[in-house]
Amino acid sequence: MLLKDGVSLKGLDIRMLALIPQIEEVLRPITAHELVITSTTDGKHSKNSLHYKGLAFDIRTRIYKQDTIKKMFQALLFAFDFCCDIVLEKDHIHVEFQPHL
C-alpha cells in the first residue's frame, strides 16, 4: 500500500486500518499496481463526511483502464458491502465504514 504525498494514516479508525490489507488482498488479482490511498482524514469533503471521523478513505483509480476500475469496484462490493459503503467516484473509489444490519 502506498500513500499519496501528504496523506497520513494518523487518525484513521482501527476498523479502517484493518480493512486496508484485506482490500489489497481482494484487489491484488485484478490490478498490476500497488494500492494507493489518496485521502483519509485530510482533504476537502462534505461537512458530515466520515473522512473527518477517520471512518473513510479513498483509493486511486486514475491509473487504471475503465474495465479494471469496474472489476475493482465489483470485487470490493462483493467482499465488503456488509460493512462498508463502496462508492465509485470519478477519480477514486470511496470506502467508508457503514455496517448494513
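The analysis underlying the following values was restricted to heavy atoms, covering all of them including side chains, and did not include hydrogens, waters or symmetry mates.
No side-chain heavy atom of V26 sits under 4.5 Å from any side-chain heavy atom of Q22. Proximity of Y52 to T41: side-chain heavy atoms (C-beta onward) are nowhere separated by under 4.5 Å. In this structure, L50 and Q98 have side chains that are in contact, with non-hydrogen atoms separated by less than 4.5 Å. Using a 4.5 Å cut-off on side-chain heavy atoms (C-beta onward), C84 and L19 make contact. Contact of the R60 side chain with the L35 side chain is not registered, since no non-hydrogen atoms from C-beta on lie closer than 4.5 Å. Between V95 and D58 the shortest side-chain heavy-atom distance does not fall below 4.5 Å. A heavy-atom distance below 4.5 Å is found between the side chains of M1 and L9. Using a 4.5 Å cut-off on side-chain heavy atoms (C-beta onward), H94 and H92 make contact.
We find the CG-OG distance between L55 and S49 to be 9.5 Å, quoted to the nearest 0.5 Å. Taken to the nearest 0.5 Å, the CZ atom of R28 stands 9.0 Å off from the CD atom of E34. In this structure, CD1 in I37 is found 4.0 Å from CD1 in I20, a value given to the nearest 0.5 Å. How far CD1 of I69 is from CD of Q74: 13.0 Å, rounded to the nearest 0.5 Å. Between the CD atom of E89 and the CZ atom of F73 there is a distance of 9.5 Å, given to the nearest 0.5 Å. Atom CD1 of residue I59 and atom OH of residue Y64 lie 8.5 Å apart, to the nearest 0.5 angstrom.
Annotation for M16 and A56: closest pair CE-CA, 3.9 Å, computed over non-hydrogen atoms. Residues I30 and A75 share a closest heavy-atom pair of CD1-CB, 3.5 Å.
L12 and L3 fall within a single hydrophobic cluster, where Ile, Leu, Val, Met, Phe, Trp and Tyr are joined by side-chain heavy atoms under 4.5 Å apart, directly or via other members. Each of V87 and L77 belongs to its own hydrophobic cluster when Ile, Leu, Val, Met, Phe, Trp and Tyr are linked at side-chain heavy-atom distances under 4.5 angstrom. Residues L2 and I63 do not share a hydrophobic cluster, clusters being chains of Ile/Leu/Val/Met/Phe/Trp/Tyr side chains in contact below 4.5 Å.
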Applying side chain to side chain contact (heavy atoms under 4.5 Å, CB included) to I93 and I86, what does each step give before you reach the verdict? CA-CA 7 Å; I93 295 175; I86 312 290; 3.7 Å; yes

Give the intermediate values and the outcome of side chain to side chain contact (heavy atoms under 4.5 Å, CB included) for residues S39 and H51. CA-CA 8 Å; S39 183; H51 279 279; 3.9 Å; yes

Yes or no on salt bridge (charged side-chain N to carboxylate O under 4.0 Å, His left out) for R15 and D13, after CA distance, side-chain angles and deciding distance? CA-CA 5 Å; R15 293 169 287 192; D13 186 278; 2.9 Å; yes

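A distance-only check finds no donor-acceptor pair linking the side chain of T40 to the backbone of F57 [under 3.5 Å].
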